[in-house]
Amino acid sequence: MITLLAWIYLMNMGAHSTMNMGAPDDRGLTLLATSLLMWSVMMVAMMLPSATPMILTYTKIRQQQESKGMLTVPTGFFIAGYLSIWLGFAVVAALMQWGLHQSALLNAMKGQVVPSLGGIFLIIAGLFQFSGLKQICLSKCRSPLSFLMTEWRGGVSGAFLMGVRHGAFCTGCCWALMLLMFVGGVMQLLWMAGLTLYFLSEKLFPWAQQVSRVVGSFLVIAGLFILLPLELLHL
């Protein structure tokens, strides 16, 4: 339900043309506050679905404990811990968007960075797909039962902390690909939906590691395809 409401809000916001980012009265704290709200809702809409396997596994374990008469903690506390990390990421992303806008590196109406920076973001995201950190974090996200068995903590604070830990691994796995939002357009719903499905597929399917490298190669090539012509133009 939370995810559905977040997507409805984003679709409504997207219909208002990238929040009128270029409006003269939106160049200061108003823009920053609006960006923070937008990124926070985006993180709920995009990242909560990708945590579904972990959330369902946690819920199943909790139900098994309840059947044995054990005290349990509602799944909401685990979800709250998970989202707290992504809401922290939303703050960083909003500050980044605001800074790029103030530096005239972001197209106000389209929500896209200038081509040269877009090429750099593509290469960074692509190279990260080959990194050891990406694979370590991805392996943690792809094994919900193993993660919960090794990370299990009791009580409300324990459930929240487990959510935080999972959110940290999830962020470590996906942060670089979030740069693509600045390339395709911050409020482009198709980009959001595409990344959401990709994040979920990475955690569900056994061929995720191979696909991540293929995607990484494509992103690097795309970045070079953008940057090299720009460099030639300056020769």
Side-chain angles (χ1 to χ4, degrees), residues 1-7 39-90 92-93 125 128-178 180-181 192-216:
M1 179 59 73
I2 297 176
T3 303
L4 178 60
L5 291 175
W7 276 105
W39 277 99
S40 298
V41 177
M42 281 171 57
M43 293 306 96
V44 174
M46 296 175 66
M47 302 316 302
L48 199 53
S50 75
T52 300
M54 189 72 69
I55 293 171
L56 291 177
T57 304
Y58 175 89
T59 302
K60 184 176 181 180
I61 293 175
R62 182 175 63 82
Q63 290 172 343
Q64 291 175 344
Q65 291 177 337
E66 285 181 345
S67 67
K68 297 177 182 178
M70 301 171 62
L71 293 177
T72 62
V73 177
T75 307
F77 289 98
F78 180 87
I79 295 174
Y82 174 78
L83 289 179
S84 69
I85 296 297
W86 279 110
L87 292 179
F89 180 88
V92 176
F128 186 74
Q129 294 294 95
F130 295 92
S131 70
L133 177 60
K134 165 77 178 188
Q135 300 308 322
I136 290 173
C137 292
L138 182 58
S139 66
K140 293 286 186 179
C141 294
R142 292 186 65 240
S143 306
L145 185 59
S146 175
F147 173 85
L148 291 172
M149 289 296 97
T150 56
E151 297 286 341
W152 192 267
R153 294 169 172 83
V156 170
S157 61
F160 185 86
L161 184 57
M162 282 191 290
V164 168
R165 293 275 295 170
H166 177 48
F169 283 119
C170 189
T171 305
C173 178
C174 304
W175 72 268
L177 290 175
M178 282 295 179
L180 300 182
M181 292 303 302
M192 291 185 214
L195 283 173
T196 300
L197 291 174
Y198 179 75
F199 292 148
L200 180 59
S201 68
E202 273 196 329
K203 298 175 183 180
L204 285 179
F205 300 115
W207 35 258
Q209 291 184 337
Q210 290 76 14
V211 172
S212 70
R213 293 186 173 92
V214 173
V215 170

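Start at 1 with the first residue, then count along the sequence. What you are looking at is a predicted structure, and each value in this text was computed from that prediction instead of being measured.
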### Query
Crowded around Ile2 CD1? As in, over 12 foreign heavy atoms under 6.0 Å?
no

### Flag side-chain contact, heavy atom, 4.5 Å: Phe78 against Val73
no

### Query
Any side-chain heavy atom of Leu195 within less than 4.5 Å of one from Met181?
yes

With a cut-off of 3.5 Å and sequence neighbours excluded, list every side-chain donor-acceptor pair involving residues 169-177.
unit_1	atom_1	unit_2	atom_2	d
Thr171	OG1	Gly167	O	2.7

### Summary
So CG of Leu138 and OG of Ser143: to nearest 0.5 Å the spacing works out to 9.0 Å

### Task
Check whether more than 12 heavy atoms from other residues, nucleotides or ligands sit under 6.0 Å from atom NZ of Lys140, and answer yes or no.
no

### Message
Is any side-chain heavy atom of Tyr198 closer than 4.5 Å to one of Ser201?
### Response
yes

### Heavy-atom check, side chain of Ser157 versus side chain of Phe160, under 4.5 Å
no

### Message
Please find the pair of heavy atoms, one from Ser84 and one from Gly81, that lie closest to each other, and give the distance.
### Response
OG-O, 2.6 Å

### Message
So, taking the atom named CE in Met162 and the one named OG1 in Thr150, what distance separates them when rounded to the nearest 0.5 Å?
### Response
10.5 Å

### Steps toward side chain to side chain contact (heavy atoms under 4.5 Å, CB included) verdict (Ile55, Leu48)
CA-CA 9 Å; Ile55 293 171; Leu48 199 53; 3.9 Å; yes

Table please: side-chain donor-acceptor pairs of residues 40-47 below 3.5 Å, with sequence neighbours left out.
unit_1	atom_1	unit_2	atom_2	d
Ser40	OG	Leu36	O	2.8

## Note on the structure
In this structure, CZ of Phe199 is separated from CG of Leu197 (nearest 0.5 Å) by 10.5 Å

### Query
What pairs with Glu151 under salt bridge (charged side-chain N to carboxylate O under 4.0 Å, His left out), at least two apart in sequence or on another chain?
Arg153, Arg165

### Task
Return the orientation label for the Trp39 and Phe89 ring planes: parallel under 30°, perpendicular over 60°, tilted otherwise.
perpendicular

### Query
Should Met54 and Thr57 count as side-chain neighbours, where that means a heavy-atom distance under 4.5 Å?
no

### Task
Grab the two heavy atoms, one from Gly216 and one from Phe130, that are nearest each other, plus how far apart they are.
C-CE1, 3.7 Å

### Gln65 CD to Gln63 CD distance, which is reported to the nearest 0.5 Å
10.5 Å

### Message
Does Leu71, at its CG atom, have more than 12 non-hydrogen atoms belonging to other residues, nucleotides or ligands within less than 6.0 Å?
### Response
no

### Query
Taking the side chain as C-beta and beyond, is there a heavy-atom pair between Leu200 and Thr196 under 4.5 Å?
no

### Query
Are Lys60 and Gln64 side-chain neighbours, meaning at least one heavy-atom pair lies under 4.5 Å?
yes

### Query
Hey, what's the ring geometry for Trp207 with Phe205, parallel, tilted or perpendicular (30° and 60° as the breaks)?
parallel

### Task
Quick one: closest heavy-atom pair of Thr52 and Pro49, and the distance?
OG1-O, 2.6 Å

### Query
So, do Lys134 and Ser131 sit near enough that their side-chain heavy atoms are less than 4.5 Å apart?
yes

#### Entry: From CA spacing to verdict: ring pair (Phe, Tyr, Trp, His ring centres under 6.0 Å), Trp152, Tyr58
CA-CA 10 Å; Trp152 192 267; Tyr58 175 89; 5.4 Å; yes

### Query
Where do Gln129 and Ser212 land on the side-chain hydrogen bond (donor to acceptor under 3.5 Å, both in side chains) test, with the steps shown first?
CA-CA 6 Å; Gln129 294 294 95; Ser212 70; 4.6 Å; no

### Query
Roughly how far apart are Leu148 CG and His166 NE2, rounded to 0.5 Å?
8.5 Å

